[in-house]
Amino acid sequence: MTVQSADRPSMIEFQDVHKYYGDYHALRGITASIRAGEFFSLLGPSGCGKTTLLRTIAGFEGISSGAVMIDGKHMEHVPANQRPTNMVFQSYAIFPHLSVEQNVGFGLRRDPRSEADKAKAVAEALEMVGLKGYGARAAHALSGGQRQRVALARALILKPKVLLLDEPLSALDKKMREQMQVELIKLQRQVGITFVLVTHDQEEALVMSDRIAVMFEGEIAQLADPETLYRRPNSRRVADFIGVMNFLPATILGEANGQIQVEAAGLGRVEIETNQAPGAISEGEASVGFRPETLTILYEGQTASDRETAGTIDEVVYYGDMTYYDVRLDGVDKPVRISMRNVFGRPVLDIGTRTRVAWSAGALVLFR
Amino acid sequence: MKLPGLRLYALVYLLFLYAPIFLLPIFAFNDGTIIAFPLKGFTTSWFGQMFGNDTLARAVRNSMIIAVSSAVLATTLGIFAARAGSRFSFPGKGGIMGLIMLPLVLPEIIVAVSLLVVLLGMGMTLSVFTVILGHVLICTPYAIAILNTAFSSLDRSLEEAAVDLGETKWSTFRLITLPLVMPGIISSLLISFTISLDEFIIAFFLAGNEPTLPTYIFSQLRFPKQIPMIMALGTCLVLLSIVLLTIAEYFRRRGIARSGGKDTGGFL
Ligand SMILES: Nc1ncnc2c1ncn2[C@@H]1O[C@H](COP(=O)(O)OP(=O)(O)O)[C@@H](O)[C@H]1O
Ligand SMILES: [Mg+2]
């Protein structure tokens, strides 16, 4: 999340991109800009059109209307093999009949450099992805993680302007996935190339990206940096998709001085900043949302710094470092989830305990 | 295999299947014109007679020309059809594929007779070439069936990856697609070759005066004196089949090893 990234020129521009598969409207007016050198993620549930959008950048998928520009150039008549992009496929698409170094050097076939120079480039690319000395191996004998590194080296050796990654980590086990996430971020910083990652894993997107476009049904629902997406999702749907969010029914009473007056179930009357209320609502029924970690259970003798509400513990889920409590706030039927970091010497509370919950209006988000 | 009955059944089954084939070499080397036990003594004269027979040599040459041409043509057509069938969807695809596969289930005698009528109607003289036409017709469905499997088990993103790395459609086909479907192509060539080599009905109708191996063998069966020589010929053909199958199996296994798949058992 670099500060200066906002000043960077745009590398990819989508201008009202529509895509139909027969009658099926797969992309419904995508307008967005991906900046040079950023780690950009397309995040959304399966079938929302992430891969389709990524493939319109690579040139594998034509578009029905609109425009895709890469580095200021119109891509309409530029075929896939001439675009300044390279792709890491979901299946990795390692050529099984070639060795590791033949795979990595595949894109250099048309390169005018000498064979010795190319071999050097291949060795460097292999070293960059941590596969030094694997060059002579048969590609089909590699593990999943190694295949992925080969796919990365094969794409990066051509020094593309944009690297496209379609769910590159989804085939790996959890441990390997977390390790590769870190490696990918490092790699991106090292080469400085624009990365566009497709993923359905919100945690992965939050960890890795400078900015994220959340997609539903062929549309971008919100495009923002991870922190904004997490703290100020612009709809209940985005909020639900990213992390856990509690919702309480609320009535809007009025607006004054950049603050919206709300009567929220269980919490009472609160003022919410208008910038915490996406989708301009003036009056009527709404809901108030908050993340589990923004509420704190108060122990004996503790007092709230801002506001507090009484409730009863309904369910306790112990995670070792964390405990999740489902708390029924007085006057609300549906329990809310609260996460508490476990501290040495502080007991985990039992189901049925009467408790007080501390919160502050700054952490609330108002939804239509 | 706990039931002794099943074991017996398997034994009898194999015996029934292969005993006649074991008889071929036995009588091919038997010094007597009558195909019956007891054996008379060892001789290689039937093989000598076989190699000295001009008509047989001609039949072998014709059959080789026909089988090789049919295999190459049917496989080439099969590559185009399988590639199109596994990659593109176009209107009437199902119907077209159905029509191409039809000769697989059509009685061969009907194919042969209708071809004969059409070819004669067109004023063509019957020759080795007309047999090739007929054999391509019956071999192509087998070629397509084999190649379809090869093409559709090919991960589509492999071709896209090659294009992504700068290759054109044609160089991608040459560098990626072709090597990966090569085991399928070799299977298709061998199967088509084998089908064409022992095909009788179409060859009988469409060859005119030219002998092929099956039609020659059939014509010689009327002469009891020739039968030991046919046994010798049969022995050679069995050997040839074993060699071909071994080659096919070798390539199939190599193909699996190369692409890193699991061996799920071939025809050997
Ligand atoms: N070649 C195609 N033909 C028809 N429909 C397609 C094709 N490719 C994708 N789709 C449809 O478009 C939608 C979006 O697909 P995709 O971009 O692969 O989703 P995602 O990657 O977000 O899971 C899906 O409903 C899918 O069924
Ligand atoms: Mg996808």
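Naming: A, B, ... by sequence-line order, numbering from 1 per chain. All heavy atoms count here, side chains included; hydrogens, waters and symmetry mates do not.
- Side-chain N/O atoms of A:Ser91 and B:Arg156 include no donor and acceptor closer than 3.5 Å.
- Heavy atoms of other residues, nucleotides or ligands lying less than 6.0 angstrom from CZ of B:Phe129 number 12 at most.
- Looking at B:Asp164, its side chain never comes within 3.5 Å of a backbone N or O of A:Ala80 through a donor-acceptor pair.
- Side-chain contact between A:Arg110 and B:Glu167: present, with at least one pair of heavy atoms (C-beta onward) separated by less than 4.5 Å.
- Heavy atoms of A:Arg109 lying under 4.5 Å from chain B belong exclusively to its side chain.
- Residues A:Met87 and B:Glu160 fail the side-chain proximity criterion, which asks for heavy atoms closer than 4.5 Å.
- With rounding to the nearest 0.5 Å, the separation of OG1 in B:Thr172 from CG in A:Asn81 is 7.5 Å.
- Side-chain contact between A:Phe106 and B:Ile176: present, with at least one pair of heavy atoms (C-beta onward) separated by less than 4.5 Å.
- A 4.5 Å side-chain heavy-atom check between B:Thr168 and A:Pro79 finds every atom pair outside the cut-off.
- Here the CD1-CG distance, from A:Ile157 to B:Leu165, works out to 10.0 Å after rounding to the nearest 0.5 Å.
- For A:Phe95, the parts sitting under 4.5 Å from any heavy atom of chain B are the backbone and the side chain alike.
- Counting heavy-atom neighbours within 6.0 Å of B:Lys169 NZ, excluding the residue itself, gives a total of 12 or less.
- A 6.0 Å sphere centred on CZ of B:Phe90 holds more than 12 heavy atoms belonging to other residues, nucleotides or ligands.
- Proximity to chain B (any heavy atom under 4.5 Å) is restricted, for A:Ile94, to the backbone atoms N, CA, C and O.
- Taking each heavy atom of B:Ser157 and A:Phe89 in turn, the nearest pair found is CB-CD2, 3.6 Å.
- Within a 6.0 Å radius of OH in B:Tyr9, other residues, nucleotides and ligands contribute 12 heavy atoms or fewer.
- With contacts defined as side-chain heavy-atom distances shorter than 4.5 Å, the pair B:Leu158/A:Tyr92 does not qualify.
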